Undergrad: 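To start, I am sharing the structure in question, which I have written as structure tokens.
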Amino acid sequence: MSKLIRFGVSLEEDLLNKFDRHIKRKKYTNRSEAIRDMIRSELIKEEWTENKEVTGAITIVYDHHTRDLVNKVLDVQHDHHNCILSTQHIHLDHHNCFEIIVTKGKSKEIEELYLKLKSLKSVKHAGFLMATKGKDLT
């Protein structure tokens with residue numbers, strides 16, 4: 001475990017009050033944990049902008065009855081097989097499917113995969129979660 005270091009932060013009272021309300025809404029136990037979480041989030045964004053090896057998840061919702069859409073989704077995934085760890089296909093109802101695609105690789109390639117899937121005609125919704133392998137975060 002790494003050494004714990006304490007430091008002070010100066011904030012305007014109004015900003016601190018807003019931060020404390022944020023902490024309460026997000027169910028943090030204290031300011032330190034909230035600040036640690038915000039720092040980690042920024043470091044993850046940095047990994048993504050520097051095209052490092054990262055992980056993440058892509059979600060899409062689509063009507064599987066749309067002509068040839070399932071084949072297009074699969075073609076895009078096969079074109080990017082090297083950054084896909086796993087997929088899960090869920091039948092929401094008779095028409096709609098929800099797919100979760102877990103990724104690992106260079107961030108630019110994962111973002112390219114996401115944009116290709118998102119832009120397919122008849123994809124109703126697409127979501128994207130940036131994550132990290134966690135190697136450099138505690």
Side-chain angles (χ1 to χ4, degrees):
M1 184 171 201
S2 62
K3 181 179 174 184
L4 184 67
I5 298 177
R6 297 182 188 279
F7 67 98
V9 177
S10 300
L11 298 173
E12 294 84 3
E13 183 178 6
D14 187 48
L15 183 58
L16 181 59
N17 290 335
K18 288 178 182 178
F19 185 57
D20 285 340
R21 287 191 298 274
H22 170 79
I23 288 170
K24 189 174 182 178
R25 278 192 313 274
K26 299 294 182 178
K27 309 291 188 218
Y28 287 106
T29 56
N30 56 54
R31 290 176 181 159
S32 293
E33 193 54 45
I35 290 170
R36 280 191 287 271
D37 195 37
M38 291 168 62
I39 291 170
R40 287 184 195 114
S41 291
E42 289 303 311
L43 293 173
I44 290 168
K45 288 178 191 173
E46 191 173 281
E47 285 184 17
W48 278 80
T49 60
E50 294 175 354
N51 198 32
K52 292 186 177 180
E53 186 166 294
V54 293
T55 188
I58 298 168
T59 59
I60 57 174
V61 175
Y62 59 91
D63 182 342
H64 79 275
H65 290 291
T66 301
R67 183 183 166 103
D68 214 29
L69 180 58
V70 173
N71 288 333
K72 289 177 183 176
V73 167
L74 290 174
D75 286 345
V76 170
Q77 289 181 21
H78 279 275
D79 289 344
H80 294 275
H81 68 90
N82 56 322
C83 68
I84 295 176
L85 293 176
S86 174
T87 62
Q88 184 174 17
H89 184 90
I90 300 150
H91 305 281
L92 297 174
D93 55 37
H94 183 69
H95 292 279
N96 295 295
C97 295
F98 178 66
E99 201 153 316
I100 304 165
I101 303 147
V102 179
T103 61
K104 179 179 134 185
K106 294 289 187 175
S107 60
K108 290 194 186 311
E109 187 172 359
I110 295 170
E111 287 179 278
E112 182 181 320
L113 168 62
Y114 168 67
L115 293 173
K116 284 181 179 178
L117 290 168
K118 179 182 179 177
S119 66
L120 289 173
K121 186 177 179 180
S122 299
V123 167
K124 295 180 176 186
H125 175 76
F128 185 53
L129 171 72
M130 291 187 294
T132 180
K133 291 173 36 183
K135 186 172 99 176
D136 297 325
L137 300 178
T138 55

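For the numbers below, each heavy atom of this structure counts, side chains included, while hydrogens, waters and symmetry mates do not. It should be emphasised that the depicted structure is a prediction, and the values quoted were computed from it without experimental measurement.
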Undergrad: May I ask you to test the Thr132-Lys52 pair for a side-chain heavy-atom distance under 4.5 Å?
TA: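 SC-SC contact between Thr132 and Lys52 ruled out.
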
Undergrad: Can you list every ring-ring contact (aromatic ring centres under 6.0 Å, His included) pair that touches residues 23-47, not counting sequence neighbours?
TA: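 Not a single pair qualifies under ring-ring contact (aromatic ring centres under 6.0 Å, His included).
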
Undergrad: Under the salt bridge (charged side-chain N to carboxylate O under 4.0 Å, His left out) test, which residues partner Lys106, sequence neighbours left out?
TA: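 Not a single residue meets the salt bridge (charged side-chain N to carboxylate O under 4.0 Å, His left out) criterion with Lys106.
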
Undergrad: Evaluate the side-chain proximity of Lys18 to His22: yes if any heavy-atom separation is below 4.5 Å, no if none is.
TA: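 Not touching, per the 4.5 Å side-chain cut-off.
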
Undergrad: Suppose we screen for salt bridge (charged side-chain N to carboxylate O under 4.0 Å, His left out). Which residues come up paired with Asp75, at least two apart in sequence or across chains?
TA: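 Here no residue qualifies.
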
Undergrad: For Asn51 and Glu109: C-alpha separation, side-chain torsions, deciding distance, then whether side chain to side chain donor-acceptor pair (under 3.5 Å) applies.
TA: CA-CA 9 Å; Asn51 198 32; Glu109 187 172 359; over 6 Å; no

Undergrad: With the 4.5 Å side-chain cut-off for hydrophobic clustering, are Phe98 and Leu74 part of the same group?
TA: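 Cluster IDs for Phe98 and Leu74 differ.
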
Undergrad: What closest approach, in Å, do Gln77 and Ile84 show between heavy atoms, and which atom pair accounts for it?
TA: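 Looking at all heavy atoms of both residues, the closest pair is O-CD1, 3.5 Å.
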
Undergrad: List the residues meeting salt bridge (charged side-chain N to carboxylate O under 4.0 Å, His left out) with Glu53, not counting sequence neighbours, and say none if there are none.
TA: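 Testing Glu53 for salt bridge (charged side-chain N to carboxylate O under 4.0 Å, His left out), a comparison that skips the adjacent residues, returns Lys133.
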
Undergrad: If you look at every heavy atom in Ile23 and Ala34, which pair is closest and at what distance?
TA: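 Closest pair (atom of Ile23, atom of Ala34, distance): CG1-CB, 3.7 Å.
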
Undergrad: Strictly below 4.0 Å, N to O, side chains only: are Glu112 and Lys116 in salt-bridge contact?
TA: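 Counted as a salt bridge, because a side-chain N and a carboxylate O are separated by less than 4.0 Å.
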
Undergrad: Between CD1 of Ile44 and CD1 of Ile39, what distance do you get to the nearest 0.5 Å?
TA: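 CD1 of Ile39 is found 12.0 Å from CD1 of Ile44.
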
Undergrad: To the nearest 0.5 Å, what is the distance between CD (Glu47) and OG1 (Thr49)?
TA: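 Going from CD on Glu47 over to OG1 on Thr49, the span is 9.5 Å.
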
Undergrad: Suppose we screen for side chain to side chain contact (heavy atoms under 4.5 Å, CB included). Which residues come up paired with Lys45, at least two apart in sequence or across chains?
TA: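 Expected list: Glu42, Met130.
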
Undergrad: Tell me every residue that passes side chain to side chain donor-acceptor pair (under 3.5 Å) with Asp63, counting only those two or more places apart in sequence or in another chain.
TA: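 Counting only residues at least two positions away or on another chain, Asp63 forms no side chain to side chain donor-acceptor pair (under 3.5 Å).
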
Undergrad: Would you tabulate the side-chain donor-acceptor contacts of residues 55-62 under 3.5 Å, counting partners in other chains and residues two or more places apart, or write 'none'?
TA:
residue	atom	partner	partner atom	Å
Thr55	OG1	Thr103	O	2.6
Thr59	OG1	Gly127	N	3.4
Tyr62	OH	His89	ND1	3.4
Tyr62	OH	Glu99	OE1	2.9

Undergrad: Working to the nearest 0.5 angstrom, can you tell me the gap between Arg40 CZ and Met38 CE?
TA: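 If we round to the nearest 0.5 Å, Arg40:CZ and Met38:CE are 12.5 Å apart.
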
Undergrad: Would you mind checking if Arg36 and Glu33 are paired as a salt bridge, meaning a charged N to carboxylate O distance below 4.0 Å?
TA: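 Yes, Glu33 and Arg36 are salt-bridged.
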
Undergrad: Check Lys26 with Asp37, please: is the shortest side-chain N to carboxylate O separation under 4.0 Å?
TA: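 Salt bridge between Asp37 and Lys26, a charged N being under 4.0 Å from a carboxylate O: no.
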
Undergrad: Would Ile101 and Leu85 show up in the same hydrophobic cluster when neighbours are defined by side-chain heavy atoms closer than 4.5 Å?
TA: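 Looking at the clustering, Leu85 is in a separate group from Ile101.
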
Undergrad: Could you give the side-chain donor-acceptor pairs of residues 6-17 under 3.5 Å, partners two or more places apart or in another chain?
TA:
residue	atom	partner	partner atom	Å
Asn17	ND2	Glu13	O	3.3

Undergrad: Could you tell me which residues satisfy salt bridge (charged side-chain N to carboxylate O under 4.0 Å, His left out) with Glu46, sequence neighbours excluded, listed by chain and number?
TA: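 So Glu46 forms no salt bridge (charged side-chain N to carboxylate O under 4.0 Å, His left out) with any residue.
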
Undergrad: Once rounded to the nearest 0.5 Å, what's the spacing between atom SG of Cys97 and atom NZ of Lys124?
TA: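 Atom-to-atom, Cys97:SG and Lys124:NZ are 9.5 Å apart.
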
Undergrad: Apply side-chain contact (heavy atoms from CB on, under 4.5 Å) to residues His80 and Tyr114 and explain how you reach the verdict.
TA: CA-CA 10 Å; His80 294 275; Tyr114 168 67; over 6 Å; no

Undergrad: In terms of heavy-atom contacts, does NZ of Lys118 have more than 12 from other residues, nucleotides or ligands at under 6.0 Å?
TA: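 It does not: Lys118 NZ has 12 such atoms or fewer within range.
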
Undergrad: Would you sort out whether Val73 and Leu120 count as a side-chain contact (heavy atoms from CB on, under 4.5 Å), showing the intermediate values?
TA: CA-CA 8 Å; Val73 167; Leu120 289 173; 3.8 Å; yes

Undergrad: Under the side-chain contact (heavy atoms from CB on, under 4.5 Å) criterion, do His64 and Asn96 qualify, and how do the steps go?
TA: CA-CA 6 Å; His64 79 275; Asn96 295 295; over 6 Å; no

Undergrad: Return each pair, listed once, that meets ring-ring contact (aromatic ring centres under 6.0 Å, His included) where at least one residue sits in residues 31-57; pairs must be two or more places apart or across chains.
TA: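 Every ring-ring contact (aromatic ring centres under 6.0 Å, His included) pair that includes a residue of residues 31-57, provided the two are not neighbours, is Trp48-Phe128.
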
Undergrad: Quick check: closest heavy atoms across Leu117 and Val123, and the distance to 0.1 Å?
TA: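 In this case the closest contact between Leu117 and Val123 is O-CG2, 3.4 Å.
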
Undergrad: Indicate yes or no: at least one non-hydrogen side-chain atom of Ile110 is less than 4.5 angstrom from one of Leu113.
TA: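 No - every pair of side-chain heavy atoms lies 4.5 Å or more apart.
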
Undergrad: With sequence neighbours left out, write down each residue that passes side chain to side chain contact (heavy atoms under 4.5 Å, CB included) with Asp68, or none if nothing qualifies.
TA: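 For Asp68, the residues satisfying side chain to side chain contact (heavy atoms under 4.5 Å, CB included) (neighbours in sequence not counted) are Asn71, Lys72.
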
Undergrad: Side chain to side chain contact (heavy atoms under 4.5 Å, CB included) with Ser41: which residues, sequence neighbours excluded?
TA: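 Partners of Ser41 by the side chain to side chain contact (heavy atoms under 4.5 Å, CB included) criterion come out as none, since no residue qualifies.
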
